[in-house]
There are 2 protein chains.
Amino acid sequence: MAKATAAGLDEAQANGLAEMWEDGEDRLGPASARRLLVAAVDAFAARGYHGTSTRDIADRAGLSPAGVYVHFASKEDLFFRITLLGHERTLHNAVTAVQSVGEAGPARRLHAVIEAQTTWQARHHTTARVVEYDLPCLSPEHYEQVAAIRRKITALVRGILNEGVRAGVFDVPDVDGMTLALLSMVTDVARWYPSNGRQSPEQLGTLYADLALRMAAPHSSDS
Amino acid sequence: MAKATAAGLDEAQANGLAEMWEDGEDRLGPASARRLLVAAVDAFAARGYHGTSTRDIADRAGLSPAGVYVHFASKEDLFFRITLLGHERTLHNAVTAVQSVGEAGPARRLHAVIEAQTTWQARHHTTARVVEYDLPCLSPEHYEQVAAIRRKITALVRGILNEGVRAGVFDVPDVDGMTLALLSMVTDVARWYPSNGRQSPEQLGTLYADLALRMAAPHSSDS
DNA sequence: CACCAGTGTAAGCAAGCGCTTAGCTCGGCG
DNA sequence: CGCCGAGCTAAGCGCTTGCTTACACTGGTG
């Protein structure tokens, strides 16, 4: 078995994990750096930040333990790059989804963003798990950078809800609370997918988006 | 400072964490064993299973490193007891909530269970974090025991939804999917509470229970 | 008294940790 | 050719890990 296809990496490729970490040509650096990123995502997702050793990661990437430090300053640096890139792409996914429906009104926008984010979490559940659940392992400065992106995602959803309430097409007593609930629903997909049920990412996206609309819609039991 | 109030334990008590781990008299064993449990919950919640050392735990409980092994066979054993007890109490919380509304109909039952579980996750967010997010650290046998309890909780919620659909008071196209979404919403509270917003556990419980009813209720846009 | 089970500690073992160092190989360029 | 920087490794440093061992103290029971 050649180095480039060392233990675990084939699996990662079958996963669609590798393609998530491909890049225009190589802003991510040489091939080994990209292999390390993919290997690290896989390992972190399986055993968590503290449960993963740098030797684990190096092995999966087909490098010696010291090989990691040719491309990354530290284990935390490697983790940070994954987390930051993952968040940037998640935000981009959300923004793109909202833009793609144009000025179609709050309901369509809400549906689009929830669908896109849910599908994303399911399709990239390995990456999403790393990105969502080990944030406290980041240094305070790095954490803050990532938190800023998270706030943008939250603001995007909250903005759509507020817009809908203002336009009278949503009935949402507690916009902040519902924003939290929606993001929880979506985020949590990364924790369990694909173990419960056999839905495709797209089916799940549609389902959750429909549920979001039900939560926001004016309902008959208004009194 | 006396042993019984070693570093971290005072905080845990102010938390309401300790009271969660009190017991009839002492099915949990001697006082030191209970202190170890509380200390371990606190440490696991803060840094995860792999990020917590047995020396951490012993320190917080005011014991020497070896003191842990007087009461627990291993770090995993300690973690398992926490996880199992936590799950048993969560299940009990859900069942009690449903029973407390008697034969009040699916809507009232759904509201009761979501409210109770959400409130629980918020009030015991430290324990809940340990119990929900490090399950893969359990041995396969222990994991299966805990998974069995989780399936009961899932079945409880799904049962209420099915009941409501049969009775014609709910309109739920995908019962399994909505069950998953509801439990995600509830579970995820442990991840962020209390950092976002200043809601009390009870307020959050009411909010989420109301959202659950909106998701299940027949709605005007039926065609 | 002797004895013992229960509870605790001091010391330390083997293994694993993140990371560094010194040195190798190799392609490109003068 | 000689030289250089990039990529990589073998070896290993200092430290921490989960856990064990050998021993000490205590209160209750014969």
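Throughout, a chain's letter reflects where its sequence line sits, starting with A, and its residues are numbered from 1.
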Just jot down the side chain to side chain contact (heavy atoms under 4.5 Å, CB included) partners of [X], sequence neighbours excluded, or say none.
{"X": "A/A155", "result": "A/R158"}
{"X": "B/S139", "result": "B/E76, B/E141, B/H142"}
{"X": "A/A190", "result": "A/Q121, A/A128, A/Y133"}

Atom-to-atom span, CG of A/L36 to P of C/dG18 - whole angstrom: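 From A/L36 CG to C/dG18 P: 14 Å.
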Can you sort out the partners of A/R129 under salt bridge (Lys or Arg N to Asp or Glu O under 4.0 Å), two or more places apart, ordered by chain and number?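 With neighbours one apart ignored, the set is empty.
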Could you list the residues that satisfy salt bridge (Lys or Arg N to Asp or Glu O under 4.0 Å) with B/D174, not counting sequence neighbours?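 In terms of salt bridge (Lys or Arg N to Asp or Glu O under 4.0 Å), with neighbours along the sequence ignored, B/D174 is linked to no residue.
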Pairs satisfying side-chain hydrogen bond (donor to acceptor under 3.5 Å, both in side chains), at least one member in residues 110-120 of chain A, at least two apart: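 Residue pairs passing side-chain hydrogen bond (donor to acceptor under 3.5 Å, both in side chains), neighbours aside: A/T90-A/W120, A/N93-A/Q117, A/H111-A/D210, A/E115-A/T206.
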Annotated protein contacts, base or backbone, on nucleotides 19-26 of chain C with a non-hydrogen cut-off under 4.0 Å, one of B, S, - each: BB------
Basic-acidic side-chain contact under 4.0 Å: B/E132, B/R191: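 Salt bridge absent between B/E132 and B/R191.
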Residue B/S53, side-chain atoms from C-beta onward, closest of C/dA10, C/dT7, D/dT17: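 It is D/dT17.
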Taking only residues at least two apart or on different chains, which pairs with a member in residues 49-58 of chain A satisfy salt bridge (charged side-chain N to carboxylate O under 4.0 Å, His left out)?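 Every candidate salt bridge (charged side-chain N to carboxylate O under 4.0 Å, His left out) pair involving residues 49-58 of chain A fails, so no pair, neighbours aside, qualifies.
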Looking at D/dC8, I'd like to know if its phosphate oxygens (OP1 or OP2) sit under 4.0 Å from a side-chain N or O belonging to A/H71.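 A/H71 to D/dC8 OP1/OP2: side-chain N or O found under 4.0 Å.
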Take the C1' atoms of the five end pairs on each side of the helix from C/dC1-D/dG30 to C/dG30-D/dC1, get both axes, and report the angle to 10 degrees.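 About 30° separates the two local helix axes.
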